[in-house]
Amino acid sequence: MTEFAKYKRNYAIERAYELTKLAIENNMITPSSDPKETALKVYEFLDNLTEKLIIDSDK
């Protein structure tokens with residue numbers, strides 16, 4: 001993996017973490033006592049957000 005690819009990956013991970021943190025703080029995601037369930041909620045949230053961003057950018 002090139003240095004640029006590593007940078008892009010790390011940047012994406014940092015942004016996903018920040019978005020997830022904001023979503024939890026704003027009650028858009030409710031953490032569960034089961035980490036797998038919380039991870040699934042986070043994945044779905046980020047997937048929906050990405051889909052909305054793609055649709056909005058096509059307008």
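Computation of the quantities below employed the complete heavy-atom set of this structure, encompassing side-chain atoms and omitting hydrogens, waters and symmetry-equivalent molecules. One is the number of the first residue; the rest follow in order along the sequence.
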*Asks:* State whether K21 and E18 are salt-bridged, where the test is any N-O pair (Lys NZ or Arg NE/NH1/NH2 against Asp/Glu carboxylate O) under 4.0 Å.
*Replies:* no

*Asks:* Give, for atom CG of N48 and atom CE of M28, the distance between the pair rounded to the nearest 0.5 Å.
*Replies:*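 Result: 10.0 Å between the selected atoms.
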
*Asks:* Is there side-chain contact between L22 and E25, with heavy atoms separated by less than 4.5 Å?
*Replies:* yes

*Asks:* If I compare all heavy atoms of S33 with all of P35, which pair ends up nearest, and what's the gap?
*Replies:*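 Heavy atoms of S33 and P35 come nearest at O-CD, 3.4 Å.
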
*Asks:* If we only count heavy atoms from C-beta on, is the Y7 to E3 side-chain gap below 4.5 Å?
*Replies:*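 When only atoms from C-beta onward are counted, E3 and Y7 do not touch, as no gap falls below 4.5 Å.
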
*Asks:* To the nearest 0.5 Å, tell me how far D47 CG sits from K52 NZ.
*Replies:* 11.0 Å

*Asks:* Measuring from D34:CG to K41:NZ, what's the distance to the nearest 0.5 Å?
*Replies:* 9.5 Å

*Asks:* Donor-acceptor pair, distance only, cut-off 3.5 Å: does the side chain of T38 make one with the backbone of S32?
*Replies:*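 Checking the backbone N and O of S32 against the side chain of T38, a donor-acceptor pair under 3.5 Å is found.
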
*Asks:* With rounding to the nearest 0.5 Å, note down the distance linking CG in L19 to CD1 in I29.
*Replies:* 9.0 Å

